[in-house]
Amino acid sequence: MNQQDPYLLTPGPLTTSATVKQAMLHDWGSWDDDFNAMTAEVCRRLLDVAGGADSHVCVPVQGSGTFAVEATLGTLIAPQSRTLVLMNGAYGQRIGKILDTLGRAYVAIDKGDYRPPRGHEVAQALAANPDIGQVVVVHCETSSGILNPIGEIAEVCRQAGVRLIIDSMSAFGALPVNVAELPCAALVSSANKCFEGVPGFGFAIVERELLAASAGQCHSLSLDLHDQWQYMTKCGQWRYTPPTHVVAAFLQAMKEHAAEGGVDGRLARYTRNRDRLVAGLRALGFRTLLVDEWLSPIITTFLSPHSPAFDFGRFYNAIKAQGFLIYPGKLTVADSFRVGCIGQLHDEQIDAVISAVAAACQELGLSLPVAAPAETPDNLETA
């Protein structure tokens with residue numbers, strides 16, 4: 001990595017390896033057999049990781065992760081169908097906005113900024129709304145860092161006979177998920193998250209029979225997953241200009257993911273990063289928004305200290321000057337900031353960012369340990 005590049009402690013884009021960067025130094029013809037073989041290998045690898053090789057297909061789509069989510073919802077949800085959306089942060093709310101834009105009816109269970117939707121709540125909502133055809137949930141809601149309980153949600157959906165669609169943008173590749181065993185009608189993610197590629201495309205892993213039945217249903221030409229799948233099946237190419245360099249980088253990233261031990265290996269490192277980070281910042285006096293039960297190994301929200309000397313802009317810039325980028329908070333209930341655990345981060349970087357936070361506090365005139373936040377997990381009960 002260029003020594004001038006800051007480490008990105010964010011949930012994607014994130015810090016990538018030098019070899020992933022190097023994979024982008026070659027130009028590819030989007031119609032060429034060698035590039036088509038790369039796309040096919042990426043899709044095969046993704047299906048293997050998801051456990052869906054026998055039941056699902058993988059369809060990549062150009063754009064950010066939100067493009068892939070909209071493509072999935074617009075392709076799979078019929079105009080007359082009704083959806084249950086589980087919300088506990090900005091990305092669940094974004095799913096609702098997408099459905100509003102598409103004119104697709106939905107009801108929501110909104111748990112606010114940080115509480116997890118539970119299986120019994122989903123069961124009650126489905127019983128009260130028997131016309132619901134699918135449930136949509138965010139696997140890891142990075143606006144708070146909460147890891148939602150998709151296993152119990154999937155079981156309720158199975159018993160009720162409704163489809164489950166998972167936005168696993170910031171979890172797939174590090175959190176174990178088997179789409180056939182859950183079961184899960186569709187899972188959506190993107191290249192620049194836990195596989196540690198770069199931004200440029202997302203992908204949906206969809207039940208083959210469900211996708212086959214969705215012809216002509218999508219609201220959009222360019223976001224039609226059914227047409228993209230059919231075209232790729234026929235000729236091996238993307239329908240429209242693909243992000244060739246991004247695909248090459250992602251294939252290299254997937255090889256490195258496998259070499260690290262796949263999902264298990266990646267989860268072990270991210271969990272170690274989180275535990276080291278949380279312990280270090282708690283020692284400085286910072287409080288996590290969530291109790292340990294709901295902390296994801298992706299990103300952690302810390303509550304801002306209760307002090308007139310604390311200013312997030314100055315705090316951010318002081319940490320940036322030491323070579324690290326963190327995230328602002330995304331809560332409505334309390335002032336906070338977020339620190340990611342994913343990407344090419346190891347013990348050395350985690351220890352260094354803890355030291356950078358301590359130095360930033362001293363620069364702002366905050367005594368250590370910092371003062372308790374105005375709002376704490378004691379009165380922001382997560383259970």
### Query
Hey, mind stepping through Glu256 and Arg269 against salt bridge (charged side-chain N to carboxylate O under 4.0 Å, His left out) and telling me if it holds?
CA-CA 13 Å; Glu256 294 176 16; Arg269 175 162 61 86; over 6 Å; no
### Aromatic plane relationship, Phe35 with Trp28 - under 30° parallel, 30 to 60° tilted, over 60° perpendicular
tilted
### Task
Can you label the angle between the Phe203 ring and the Phe201 ring as parallel, tilted or perpendicular, going by 30° and 60°?
tilted
Are the side chain of [X] and the backbone N or O of [Y] linked by a donor-acceptor pair below 3.5 Å?
X: Arg239; Y: Tyr231; value: no
X: Ser190; Y: Lys193; value: no
X: Ser143; Y: Ala90; value: yes
X: Thr75; Y: Ala71; value: yes
X: Asn129; Y: Ile132; value: no
X: Thr300; Y: Val339; value: no
X: Ser307; Y: Ala309; value: yes

### Query
Is the Phe195-Phe172 ring centre distance short of 6.0 angstrom?
yes
### Task
Please say which of Val357, Ile319, Ile299 ends up in a side-chain contact (heavy atoms from CB on, under 4.5 Å) with Ile326.
Ile319
### Task
List for me each residue that meets side-chain contact (heavy atoms from CB on, under 4.5 Å) alongside Trp31, sequence neighbours excluded, and say none if there are none.
Gln237
### Query
Do the charged groups of Arg163 and Glu207 touch, with an N to O distance under 4.0 Å?
no
### Query
How is the hydrophobic cluster of Leu221 composed, in terms of its other members, when Ile, Leu, Val, Met, Phe, Trp and Tyr link through side-chain heavy atoms under 4.5 Å apart, directly or indirectly?
Tyr240
### Query
Counting heavy atoms not belonging to Phe67, are there more than 12 under 6.0 Å from its CZ?
no
#### Entry: Inter-residue atom distance Asn192.CG - Met169.CE, 0.5 Å rounding
9.0 Å
### Minimal non-hydrogen separation, Glu141 against Asn88, with atom names
CG-O, 3.3 Å
